[in-house]
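Worksheet: the structure to be examined is printed underneath.
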Amino acid sequence: MRTLAKLFFAAAAFAAVACSSPYTDAPIRSLEVWPDQDGVHINAHGGGILYYDNTFYWFGEHKGERSNNALVGVTCYSSKDLVNWTNEGVALSVEEDPASEITRGSIMERPKVIYNKATGKFVMWFHLELRGQGYNAARSGIAISDNVTGPYKYLGSTRGNPGIYPVNMTQQEIDEMNALNREDYPQSWTPEWVEAVKKGLLFKQDFQAGQMSRDQTLYVDDDGKAYHIYSAEDNLTLNIAELTDDYTAHSGRYARIIPAGHNEAPAIFKKDGVYWMITSGCTGWDPNAARMFSATDIFGPWTQHPNPCTGEDADLTYHGQSTFILPVPGKKDAFIFMADNWRPRNPIDGRYIWLPILFKDDGTPYLEFLPEWNIKDQWK
Ligand code: GAL
């Protein structure tokens, strides 16, 4: 009898755990239209996902039919299972005031939101370009909210760590950089120019004003420290910058990584103490081959690996560009690679590519294009 009772309770406990998993066999179909609860294609491009209070919140760029500029702002969608999404509206709205940095017609790209446990605030960083200035401003916008879905309050914008040298430059390297002169390199992309960029030719020119900050993501490490990763130096070099404890500013500690590597669209995850970063090359809205790097210290050194994509269209990242890597809560070693299939002639029709990150026997991540897969069967 006692054994029967034990069996019964074990079965009940197993059923409770099984039922508590939010994931189903509902398919994730990359490159298709993804309807929200009203049947409207999700409008959250260049996005990222925050898992908070057993719910996924997807923040992304609202896109219109003709323009890639911000006409609405940053949108938010919520989901329990990563397949059924509810439109939560505009999290950070563009402003009507033409003097505002986030006035309608500015560019607000690749928003990411993280939660600060100490302050209880949700903090958003995004790539900001000022209206009418193309991609020249190269700034980061910051906004906060007490509620995950918003409304977010715009705090202002910054460039990367003005007047501060990176932690991974020695005094000798700083001296060598300061000896470089732009006039000595009149032509871009010569081997000498690339070598000088590696040493900080472009870094030097933005040192006082702060480093450019375009494609970007945020990462919160296991110890609660958060990092802002962005394309600096005219997209030639990535910076990884630690944030202050409240996550609303750069702390002053940062590294210049993969100098002259020409990387955009950074997305990062950590597994077994190793940071893995997937990026793209720089060809605007057109897809190119992804790149992958790893490091055991977030400030580097970072080691390059071959393109993680395999199979057909691997050299075009399956027609996408990385935006975020989501660790799947409740599943071991489960990460979803998220990318955008941009459609610049009709940006609102941009599609999403979500794929499980697969691992080789030696632990190296790789990707395969699965036109249809589901979380329940992918990770038992
Ligand atoms: C891409 C970048 C996008 C957007 C676009 C504009 O390279 O990843 O976020 O900035 O360029 O052309």
Side-chain angles (χ1 to χ4, degrees), residues 43-50 52 57-64 67-78 87-162 209-220 226-232 239 241-252 323-324 347:
N43 198 337
H45 309 270
I49 289 181
L50 170 69
Y52 175 77
Y57 293 93
W58 175 357
F59 297 87
E61 304 160 22
H62 176 279
K63 296 244 185 237
S67 169
N68 273 292
N69 293 9
L71 303 175
V72 170
V74 175
T75 49
C76 177
Y77 291 78
S78 68
N87 186 349
E88 299 284 352
V90 181
L92 173 66
S93 177
V94 294
E95 292 177 359
E96 298 304 328
D97 179 358
S100 161
E101 289 189 329
I102 58 166
T103 192
R104 191 186 303 274
S106 62
I107 292 174
M108 296 162 74
E109 288 181 342
R110 297 185 175 270
K112 305 289 177 295
V113 173
I114 53 180
Y115 176 63
N116 189 296
K117 284 189 187 137
T119 62
K121 306 265 186 212
F122 298 90
V123 185
M124 179 191 294
W125 285 66
F126 60 97
H127 168 198
L128 170 72
E129 295 292 349
L130 305 177
R131 185 182 164 151
Q133 297 185 23
Y135 279 84
N136 288 330
R139 301 183 72 79
S140 299
I142 304 124
I144 56 168
S145 175
D146 292 325
N147 302 308
V148 58
T149 56
Y152 284 74
K153 182 178 179 298
Y154 182 59
L155 294 184
S157 71
T158 184
R159 274 196 163 194
N161 286 297
Q211 298 302 313
M212 291 181 165
S213 172
R214 293 204 184 112
D215 278 13
Q216 61 119 50
T217 194
L218 296 177
Y219 177 72
V220 181
Y227 297 87
H228 181 214
I229 307 174
Y230 52 92
S231 298
N239 283 185
E242 185 191 76
L243 299 184
T244 50
D245 288 346
D246 68 1
Y247 298 170
T248 65
H250 292 146
S251 73
T323 183
F324 196 70

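Between Gly150 and Ser145, the shortest heavy-atom contact is CA-OG, 3.6 Å. Between Met108 and Ala70 the shortest heavy-atom distance is SD-CB, 3.7 Å. Residue Glu95 comes nearest to Ser100 through the heavy atom pair OE1-OG, 2.7 Å, listed as atom of the first residue, atom of the second, then distance. Of all the heavy atoms in Gly47 and Phe324, the pair that sits closest is O-CB, 3.6 Å. Nearest heavy atom pair, residue Asn116 against residue Asp245, reads ND2-O, 2.6 Å. For the pair Thr158 and Ile142, the tightest heavy-atom approach, listed with the atom from each and the gap, is CG2-CD1, 3.9 Å.
One distance of note links CZ of Phe126 with CD1 of Ile102; it measures 5.5 Å at 0.5 Å rounding. Rounding to the nearest 0.5 Å gives a distance of 4.0 Å between NE2 of His62 and CG of Asn43. Within the model, atoms CH2 of Trp58 and SG of Cys76 stand 11.0 Å from one another, a figure rounded to the nearest 0.5 Å. One finds the CG atom of Leu130 at 9.5 Å from the CG atom of Asn136 (value rounded to the nearest 0.5 Å). To the nearest 0.5 Å, atom CD1 of residue Ile229 and atom OG of residue Ser213 are 11.5 Å apart. One distance of note links CD1 of Ile49 with NZ of Lys112; it measures 10.5 Å at 0.5 Å rounding.
Of the possible polar contacts, none joining the Arg110 side chain to the Thr217 backbone as a donor-acceptor pair under 3.5 Å is found. Although no hydrogens or angles enter the test, the distance criterion places no donor-acceptor pair under 3.5 Å between the side chain of Ser157 and the main chain of Gly141. Between the side chain of Ser106 and the backbone N or O of Thr103, at least one donor-acceptor pair lies under 3.5 Å. Between the side chain of Ser93 and the main chain of Gly73, no donor-acceptor pair closer than 3.5 Å is present. Between the Asn147 side chain and the Thr149 main chain, no donor and acceptor come within less than 3.5 Å of each other. Remark: the backbone N or O of Ala241 is not paired with any side-chain donor or acceptor of Asn239 at under 3.5 angstrom. Using a distance-only test at 3.5 Å, with no hydrogens or angles considered, a donor-acceptor pair links the side chain of Glu129 to the main chain of Ala138. In terms of modelled atom types and a separation under 3.5 Å, the side chain of Asp146 and the main chain of Gly120 share no donor-acceptor contact.
Looking at Glu109 and Arg214, no side-chain N of the basic residue comes within less than 4.0 Å of a carboxylate O on the acidic one, giving no salt bridge.
Partners of Arg159 according to the salt bridge (Lys or Arg N to Asp or Glu O under 4.0 Å) rule, which considers only residues two or more places apart in sequence or in another chain, are Asp206. Listed by chain and residue number, Tyr52, Tyr115 satisfy the ring-ring contact (aromatic ring centres under 6.0 Å, His included) test with Phe122 (two or more places apart in sequence, or in another chain). Legend: residues meeting ring-ring contact (aromatic ring centres under 6.0 Å, His included) with His228, ordered by chain and number and at least two apart, are Trp125, Tyr230, His250.
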- Does the pair Leu243 and Leu218 meet the rule for a side-chain contact (heavy atoms from CB on, under 4.5 Å), with working shown? CA-CA 9 Å; Leu243 299 184; Leu218 296 177; 4.2 Å; yes
- Item | Asn68/Lys63 under side chain to side chain donor-acceptor pair (under 3.5 Å): CA gap, chis, key distance, verdict | CA-CA 6 Å; Asn68 273 292; Lys63 296 244 185 237; 2.8 Å; yes
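No side-chain heavy atom of Tyr135 sits under 4.5 Å from any side-chain heavy atom of Met212. At a threshold of 4.5 Å between non-hydrogen side-chain atoms, the residues Pro111 and Glu61 count as touching. Inter-residue side-chain proximity for Val148 and Glu88 is flagged as unmet; no heavy-atom pair is nearer than 4.5 Å. The side-chain heavy atoms of Tyr247 and Ile114, taken from C-beta on, include a pair separated by under 4.5 Å.
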